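These numbers were taken from a predicted model, which means no experiment stands behind them. Basis for what follows: all heavy atoms, side chains included, without hydrogens, waters or symmetry-related copies.
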Amino acid sequence: FSGRIAVRDLRFAHAGTPGNADGRGALNGLTFDVQPGETLAILGPSGSGKSTLMHLLLRLYDYTEGSIRFDGLELSTLPRKWVRAQIGVVMQEPFLFSKSLRDNLRLGRGDAPDHEIEAAARTACIHDTILSFEHGYATVIGERGITLSGGQRQRVAIARAVLKRPPLLILDDAMSAIDAETETLILDALRERRGRATTLVIAHRLSTLIHADRVIVLDHGRIIQTGTHAELSTQPGLYRRLWQIQSNVETELQAELGDKVKGVSDKG
């Protein structure tokens, strides 16, 4: 699998949902292509169909209308085990086991040598953090990674997915607990690694999407905009509205933080 995906007139409705009555489902005729090695960002409000699309790609659901093809092969005809072996997925709340960090990282590829484990950890900006622990990679973490912070858990999960070396990497709001600077470093490292995977990024923080090769905006199961961040941020539409709102909030927070720092300095 080279990472080439073709979606054509994809439709899907969850059984028993109110949308079925008017003929409108979770997905309503999606058509798009993803090229090998491309990073495609997917944006949309809650209920726009983002998660449904990911579930279909993983064959957690099966579509009955439209088509998804991996390298020209119809996804619904491919074995689930094979499909999932081609995909690395990082969710917003990743699951970690009460084992060592090294064992958690090796879950996707049990024969991975230590130097590749460390390289994947560097890509996810978690290597230095792991080395700061008393037992390093041998550190045993609690069930579900309870002894780690939210951002550390997400970075461990990203490293685990990278170590698997899948042709397709899906990041489903996978950096929501990671600060913006570290997020940029991770995305840069993902783009620069040799033989990079096709990457689908779902995110609510638009700064995550700046680095994508292309962005598609979903609403009510349809694609309403597509383009690069530079293109969409200047065109009237949902993307520009969200970008302006988030930019204004960030500016206000930085100004408020600056005032507080100045106040503390003046008191000093």
Undergrad: Assess, by modelled atom type and distance only, whether the side chains of T129 and Q152 contain a donor and an acceptor separated by less than 3.5 Å.
TA: no
Undergrad: Could you check if a side-chain atom of I224 sits within less than 4.5 angstrom of a side-chain atom of Y239, using non-hydrogen atoms only?
TA: no
Undergrad: Between R214 and D33, does at least one N-O distance fall below 4.0 Å, as a salt bridge requires?
TA: no
Undergrad: Taking 4.0 angstrom as the limit, do R160 and D103 come out as a salt bridge?
TA: no
Undergrad: Less than 4.0 angstrom from a charged side-chain N to a carboxylate O is my criterion; do R222 and D219 meet it?
TA: no
Undergrad: Under 3.5 Å, is there a donor on one side chain and an acceptor on the other for H135 and S100?
TA: no
Undergrad: Are any of the side-chain heavy atoms of V83 and F1 separated by less than 4.5 Å?
TA: no
Undergrad: Verify the ring-centre separation between F12 and H55: is it less than 6.0 angstrom?
TA: no
Undergrad: Does a side chain donor of either D71 or S2 reach within less than 3.5 Å of an acceptor in the other side chain?
TA: yes
Undergrad: Is there a side-chain contact between L200 and L169, using heavy atoms and a 4.5 Å cut-off?
TA: no
Undergrad: Between Y63 and Y61, is the gap from one ring center to the other below 6.0 Å?
TA: no
Undergrad: Is any side-chain N of the basic residue among D111 and R109 closer than 4.0 Å to the acidic one's carboxylate O?
TA: yes
Undergrad: Under a 4.0 Å N-O cut-off, is there an ion pair linking K50 with D173?
TA: no
